[in-house]
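Single-structure report; data block below.
Values in this document were obtained by computation on a predicted structure and should not be read as measured data.
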Amino acid sequence: MFVENDIKLGFADVLIRPKRSNLKSRSQVDLLRHFKFLHSGHEWSGVPVIAANMDTTGTFQVAGSLAMHGMMTAIHKHYGVAEWDAYLKGGNDSIYPRIMVSTGTSGSDFEKLSKIMKNHPQLAFICIDVANGYAESFVTFVRKVRDAFPEKTIAAGNVVTGEMVEELLLAGADIVKVGIGPGSVCTTRVKAGVGYPQLSAVIECADAAHGLGGRIISDGGCTCPGDVAKAFGGGADFVMLGGLFAGHDECGGEMVERGGKQFKLFYGMSSTTAMDKHAGGVASYRASEGKTVEVPYRGPIDETVRDILGGVRSACTYVGASCLKELTKRTTFIRVQEQENQVFKN
């Protein structure tokens, strides 16, 4: 047993200190990023915000809406090959740089991934997604996928420490997904006692990844647009969102009505709801590590997208960053004990 005594921070523990700026308007801020990935050599341009690969947010419908804003969607892994074929049948080339094909690590997962990639060679991104990216078998699977698809850009995770980021990059990942326990419908921290405050995880993992020429995704923990800005300020190359994108027309999840108001179900992919739906229930050897909540119905996703991107632009103007790439260079975090004045609560 060992205890680390240095403080680890989440998004709620800090604010970004404003700095002198010569920007006159938020409209002057450029949110596009341009990346060339470590192993694939693939070049990509876009707004580096990703809808999480949950079956409520990582839908084909969400992908179509976010693509219009230059953003990405990690399509959830429960679509079948036929559903992928039907979705891409129209040959809309503009969607390919905006979607990731998600996969687990079982033999059947690899077989399905291989069929999807064979049927649609224009697909450029693969997201290998497990809750615990520390298993040696996971690293082995990343190598297997890299060997099978040398020209594809691979994202893999989740992990929260620099040494594991480095191992996954060396195994063939181009991007490492960072986050254990911070999600709004994740209960890993209370069920397993395992996790890492998200801002510190991002800062430490970004440092490790960038030293090798890799990239990271901050996955989880964003409760508002300001948290998205903090993730980018901490060094994240991409930010993945689940709860902030939940409850919209384009999302999955059953619609329910309570007291005359409409809600949509939103649940973690390790919840009882998800495992009942996709795995025939919770296996006897494990516990559910996610919860199911009712999110107020929010209509089309476009307004939420504008709110999130507008908040990030505002953060950039407060520190004088004319483009998103400059935000982390101009970010100074200050420790705080309060985030907002809540005297008037909704």
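- Partners of E303 by salt bridge (Lys or Arg N to Asp or Glu O under 4.0 Å), not counting sequence neighbours, listed by chain and number: R306.
- E326 is linked by a salt bridge (Lys or Arg N to Asp or Glu O under 4.0 Å) to nothing, counting only residues two or more places apart in sequence or in another chain.
- M100 belongs to a hydrophobic cluster with F35, F37, W44, I50, M72, F125, I175, I217, F238, M240, counting contacts under 4.5 Å between side-chain heavy atoms of Ile, Leu, Val, Met, Phe, Trp and Tyr, direct or through other members.
- Applying the salt bridge (Lys or Arg N to Asp or Glu O under 4.0 Å) test to pairs two or more places apart or on separate chains, those with a residue in residues 121-131 are D129-K177.
- Checked against salt bridge (Lys or Arg N to Asp or Glu O under 4.0 Å), D147 has no partners two or more places apart in sequence or in another chain.
- In this structure a side-chain-to-backbone donor-acceptor pair under 3.5 Å is missing from R26 to A315.
- Within 6.0 Å of CD in E136 there are more than 12 heavy atoms belonging to other residues, nucleotides or ligands.
- In this structure, L15 belongs to a hydrophobic cluster whose other members, linked by side-chain heavy atoms under 4.5 Å apart, are I334, V336.
- Sorted by first then second residue, the side chain to side chain donor-acceptor pair (under 3.5 Å) pairs that include residues 229-241, not counting sequence neighbours, are H210-D237, R215-D237, K230-Q339.
- In this structure a side-chain-to-backbone donor-acceptor pair under 3.5 Å is present from K152 to P121.
- In this structure, V190 stands alone, with no Ile, Leu, Val, Met, Phe, Trp or Tyr side-chain heavy atom under 4.5 Å from its own, directly or through other members.
- Side-chain contacts under 4.5 Å among hydrophobic residues (ILVMFWY), followed directly or transitively, place M1 together with V3.
- Taking E204 as the reference, K8 meet the salt bridge (Lys or Arg N to Asp or Glu O under 4.0 Å) condition, with sequence neighbours excluded.
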Would you tabulate the side-chain donor-acceptor contacts of residues 221-229 under 3.5 Å, counting partners in other chains and residues two or more places apart, or write 'none'?
{"residue": "T223", "atom": "OG1", "partner": "D227", "partner atom": "OD2", "Å": "2.7"}
{"residue": "D227", "atom": "OD2", "partner": "T223", "partner atom": "N", "Å": "2.8"}

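- Pairs of residues two or more places apart, or lying in two chains, that qualify as side chain to side chain donor-acceptor pair (under 3.5 Å) and include a residue from residues 252-261 are R258-E294.
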